[in-house]
Amino acid sequence: VYQMQKQMKLEGLAPKTVNTYVQLLNQIWTTAKKIWSINLPAQSPFELVTLEKVNNERDRVLTAAEYKLLLEKAQESRLHILRDFIDFLYNTGARYSEAMFLKRVDTDFNKKTATFMDTKNGDDREIPLSDKVIDILKRYPFGDTFFRVSNYDSYKFYFKQACRKADIDNFRTHDLRACWITNALLSGMQESEVAKISGHKDFRSLKRYLRMKPEDLLDKVNKIVNLK
């Protein structure tokens, strides 16, 4: 098993992926022994190995200049929704799937709200919409959903192309969610307010998307009042 782990790492697989394979094989072993009654040793060898240490933390957010340039390059894309879709994610903190499958019937321009149905954690989530976001959605008046793309791979290709043309590296679509969370907190929103919109259940999970830098806090440090 250790040799298998070593080989997968040499092939460039991420630690989390290696762990997934080990856990899947352990599940197969258990099923074969308990459900299929195959004669196997009492203990699974996959339970005896040490799983890889996983560090999925990222610290990438866009500067204002990078974001402006990304939008400019996205505007030039052959995928006509790309600029607005990026802008929607950046200004709502939504996940890719939540935005792409947002239905018109779940959006209320009068109340200025949208509801993402059956989100990652299994809940529906209603969020407020800024005037800017409403303007984005109103540009797409036809169809059951606002944004449409043939498949995720197509979207990913054009997103990476725009990033490359903007000289932006190490940046993923999901990092736009972190940009919104970081910007919201820096703008003065409370953690509970941000979590309500982002859908995080606790601060620990929210913290993974919080990517403040020391220089982001300079204004606040200068405003600290020394108590007498």
Side-chain angles (χ1 to χ4, degrees), residues 8 11-21 23-24 54 56-58 60-62 66-109 113-127 129-130 132-181 197-200 205 208-209 211:
M8 286 192 290
E11 292 175 1
L13 273 67
K16 184 177 180 181
T17 303
V18 174
N19 289 346
T20 299
Y21 274 107
Q23 291 165 341
L24 178 60
V54 177
N56 286 332
E57 291 187 5
R58 291 175 58 79
R60 188 70 166 98
V61 290
L62 296 177
E66 284 179 321
Y67 183 60
K68 180 181 178 182
L69 187 56
L70 177 59
L71 290 184
E72 290 175 0
K73 298 306 178 182
Q75 183 67 47
E76 301 170 0
S77 175
R78 293 179 62 184
L79 181 61
H80 76 281
I81 68 163
L82 185 60
R83 185 195 185 283
D84 284 339
F85 188 73
I86 290 173
D87 212 13
F88 181 90
L89 296 181
Y90 186 84
N91 285 283
T92 61
R95 300 178 178 93
Y96 169 90
S97 59
E98 293 170 346
M100 190 60 71
F101 301 118
L102 174 64
K103 293 184 178 180
R104 198 172 304 278
V105 295
D106 296 323
T107 306
D108 191 325
F109 290 146
T113 61
T115 302
F116 299 128
M117 308 300 290
D118 192 21
T119 62
K120 183 179 178 181
N121 57 24
D123 297 332
D124 299 339
R125 186 173 84 256
E126 186 177 35
I127 68 166
L129 300 177
S130 68
K132 180 175 184 178
V133 170
I134 290 176
D135 286 342
I136 292 172
L137 295 179
K138 284 185 175 180
R139 294 182 196 131
Y140 302 89
F142 305 110
D144 294 336
T145 59
F146 296 95
F147 303 110
R148 285 182 292 278
V149 65
S150 57
N151 55 65
Y152 177 72
D153 287 339
S154 176
Y155 163 81
K156 187 177 180 181
F157 170 82
Y158 288 112
F159 178 80
K160 284 188 172 182
Q161 183 183 68
C163 287
R164 187 168 59 252
K165 289 182 177 180
D167 291 326
I168 294 173
D169 58 3
N170 187 33
F171 192 76
R172 308 168 185 170
T173 293
H174 201 60
D175 290 329
L176 292 166
R177 184 165 161 82
C179 288
W180 180 84
I181 290 172
I197 297 174
S198 67
H200 290 100
S205 55
R208 290 183 57 243
Y209 293 87
R211 300 172 189 177

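- For the atom pair CZ (Arg95) and CZ (Phe101), the distance works out to 14.0 Å, reported to the nearest 0.5 Å.
- The side-chain heavy atoms of Asp124 and Asp106, taken from C-beta on, include no pair separated by under 4.5 Å.
- Rounding to the nearest 0.5 Å gives a distance of 9.0 Å between OG of Ser97 and NZ of Lys120.
- Contact check for Phe147 versus Leu82: no side-chain heavy atoms found under the 4.5 Å cut-off.
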Could you give me the CA-CA distance, side-chain angles and deciding distance for Val149 and Tyr158, then say whether side-chain contact (heavy atoms from CB on, under 4.5 Å) is met? CA-CA 11 Å; Val149 65; Tyr158 288 112; over 6 Å; no
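- The distance from atom CG of Leu129 to atom CG of Asp108, rounded to the nearest 0.5 Å, is 9.0 Å.
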Evaluate the criterion side-chain contact (heavy atoms from CB on, under 4.5 Å) for residue pair Val105 and Met117; output intermediate values, then yes/no. CA-CA 11 Å; Val105 295; Met117 308 300 290; over 6 Å; no
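- Side chains of Arg60 and Asp169 form a contact here, defined as non-hydrogen atoms less than 4.5 Å apart.
- Rounding to the nearest 0.5 Å gives a distance of 10.0 Å between CG of Leu70 and OH of Tyr90.
- Taking the side chain as every heavy atom from C-beta outward, Ile168 and Leu69 never approach each other to under 4.5 Å.
- Contact detail for Thr173 and Tyr155: the closest heavy-atom pair is OG1-OH, 2.8 Å.
- Proximity of a side-chain donor or acceptor of Arg177 to a complementary backbone N or O of Ala94 within less than 3.5 Å is not detected.
- For the atom pair CZ (Arg83) and CD (Glu72), the distance works out to 8.5 Å, reported to the nearest 0.5 Å.
- The list of side chain to side chain donor-acceptor pair (under 3.5 Å) pairs with a residue in residues 132-152, not counting sequence neighbours, reads Asp84-Arg139, Asp84-Tyr140.
- By the 4.5 Å heavy-atom criterion applied to side chains, Phe85 and Leu176 are not counted as neighbours.
- The pair Glu98-Arg125 counts as a salt bridge, with a side-chain nitrogen and a carboxylate oxygen less than 4.0 angstrom apart.
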Going through the checks in order, is the side-chain contact (heavy atoms from CB on, under 4.5 Å) test met by Met8 and Thr17? CA-CA 9 Å; Met8 286 192 290; Thr17 303; over 6 Å; no
The test is side-chain contact (heavy atoms from CB on, under 4.5 Å); show your working for Gln161 and Arg78 and say whether it passes. CA-CA 10 Å; Gln161 183 183 68; Arg78 293 179 62 184; 6.0 Å; no
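- Nearest approach of Trp180 to Ser198, heavy atoms of both residues: CZ3-CB, 4.3 Å.
- Side chain of Asn91 to backbone of Asp87: a donor-acceptor contact under 3.5 angstrom is found.
- Counting heavy atoms from C-beta on, the side chains of Ile86 and Phe159 come closer than 4.5 Å.
- Taking NZ from Lys103 and OG1 from Thr115, the interatomic distance works out to 12.5 Å, rounded to the nearest 0.5 Å.
- Checked against the 6.0 Å centroid criterion, the rings of Phe146 and Phe88 do not qualify as a close aromatic pair.
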